[in-house]
Amino acid sequence: MTSTHYLSLLSVLVVMVVNGSPVPSAPVWTSGEELAVESFSGEPGAPPIWENVIKVIKLLVQEVINFRDQQFVEEFQKPVEEMSSFIQYQVPSIPTHLSKTPCSTSNYNKEACLQKISHGLQVYHVLLQHVKAEYPQSTLLPSVMHQTTVLIGLFKDKMKAAEVVEDLSASERERVLGEVSTGIEWERKTSVHAILRELRHFLVDTKTALRTWRRGAKAASNHDITMVGRGVLDQAWSKNLH
């Protein structure tokens, strides 16, 4: 699949999300070799592939925020301005924030960071099963879960060795759900709030990391162009001297 075809598929995905259409939950992506995982810019002259991924993340962040705010106001009968008073409620299996890892800096290993993002999204997808159990009639949750699945596929596709990030085993999923599905109703509802809150943080961190990577890739590309240009000028100058 060429980068042009790949971008077309992502463009369709973004349009579907904007229009509220169902997003495929099990996309079939081509190999990392075909999509040139070494480049964040695709083929020469093509729009940056990562910008399309960032657009999907931004849409997902907004949907998570909408769901989080709605659940908080309706469940706890408090305004969103008081949400900070719930910061002490945490979920044990929540993935580490990317802002606390080298992934958000120039000192990063791209492959390791892609693995961390993909694994984190898988954990959140399992945690969203708890949210679904608590709010089975939610009209916002299906799109959030679909888009999370799509992002997992997109990030795995960028890896050189996607097989390193294995799907969570049945026992791992059971353990993650067991941490939030037990307890009294108040504890289960606060767990939902914590999941949505931390998922939003994780997605924002991911978006920030991608933009940091793109700036680094662009700077390196500009440096290469500058060096090539200098080489051409040096050759021309040398010829003039002779």
Side-chain angles (χ1 to χ4, degrees), residues 1-18 21-61 63-64 95-98 101-104 108-128 142-169 172-173 199 202-218 220-221:
M1 180 183 289
T2 66
S3 294
T4 301
H5 291 159
Y6 180 65
L7 287 172
S8 298
L9 287 174
L10 279 177
S11 298
V12 171
L13 172 62
V14 173
V15 171
M16 290 174 67
V17 173
V18 172
S21 301
V23 181
S25 59
V28 178
W29 304 102
T30 56
S31 69
E33 293 180 1
E34 292 184 41
L35 292 176
V37 295
E38 290 302 321
S39 173
F40 288 109
S41 303
E43 296 175 352
I49 291 176
W50 283 112
E51 285 302 318
N52 291 278
V53 179
I54 289 174
K55 288 177 183 178
V56 176
I57 293 176
K58 289 175 66 176
L59 291 168
L60 179 52
V61 166
E63 289 201 346
V64 171
T96 303
H97 286 184
L98 291 180
T101 72
C103 293
S104 60
Y108 72 95
N109 178 298
K110 183 174 68 179
E111 184 73 6
C113 290
L114 289 174
Q115 293 171 7
K116 186 178 294 293
I117 292 171
S118 180
H119 176 76
L121 288 172
Q122 286 192 52
V123 174
Y124 275 112
H125 195 270
V126 173
L127 289 170
L128 287 173
S143 180
V144 170
M145 297 187 72
H146 278 308
Q147 292 178 64
T148 302
T149 301
V150 170
L151 283 177
I152 292 171
L154 291 175
F155 282 108
K156 275 193 170 185
D157 192 66
K158 300 297 184 294
M159 299 178 200
K160 295 178 181 178
E163 66 277 2
V164 173
V165 183
E166 299 179 353
D167 293 340
L168 297 182
S169 65
E172 288 175 316
R173 293 195 298 271
L199 174 56
F202 188 86
L203 292 169
V204 170
D205 282 355
T206 298
K207 181 178 64 176
T208 300
L210 294 184
R211 285 177 170 167
T212 299
W213 301 352
R214 285 211 64 248
R215 285 195 296 269
K218 184 176 181 180
S221 177

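The analysis underlying the following values was restricted to heavy atoms, covering all of them including side chains, and did not include hydrogens, waters or symmetry mates.
Here the closest non-hydrogen pair linking K158 and L114 is O-CD1, 3.6 Å. The two atoms that bring E163 and E166 nearest to each other are O-CG, 3.6 Å, heavy atoms only. When all heavy atoms of E63 and V144 are compared, the pair lying nearest together is OE1-N, 3.8 Å. Here the shortest heavy-atom pairing between Q115 and A161 reads NE2-O, 4.4 Å. In terms of heavy-atom proximity, A209 sits nearest to C103 at CB-O, 3.5 Å.
Taking the salt bridge (charged side-chain N to carboxylate O under 4.0 Å, His left out) definition, one finds that K156 meets it with D167, sequence neighbours left out. For K207, the side chain to side chain contact (heavy atoms under 4.5 Å, CB included) criterion is met by I54, I57, K58, R211, not counting sequence neighbours.
A 4.5 Å side-chain heavy-atom check between L59 and Q147 finds at least one atom pair inside the cut-off. With contacts defined as side-chain heavy-atom distances shorter than 4.5 Å, the pair I117/D205 does not qualify.
Here the straight-line distance linking atom CG of L203 with atom CG of L60 works out to 5.0 Å at 0.5 Å rounding. In this structure, the separation between CZ on F155 and NZ on K116 is 14.0 Å, given to the nearest 0.5 Å. Note that CG of L199 and OG1 of T148 are 5.5 Å apart. Values are rounded to the nearest 0.5 Å.
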- Test side chain to side chain contact (heavy atoms under 4.5 Å, CB included) applied to V164 and M159, step by step: CA-CA 9 Å; V164 173; M159 299 178 200; over 6 Å; no
Name each donor-acceptor pair under 3.5 Å that joins a side chain in residues 118-126 to protein atoms two or more places apart or in another chain, with its distance.
| from | atom 1 | to | atom 2 | distance (Å) |
| --- | --- | --- | --- | --- |
| Q122 | OE1 | L168 | N | 3.3 |
| Y124 | OH | E198 | O | 3.1 |
| H125 | NE2 | T149 | OG1 | 2.9 |

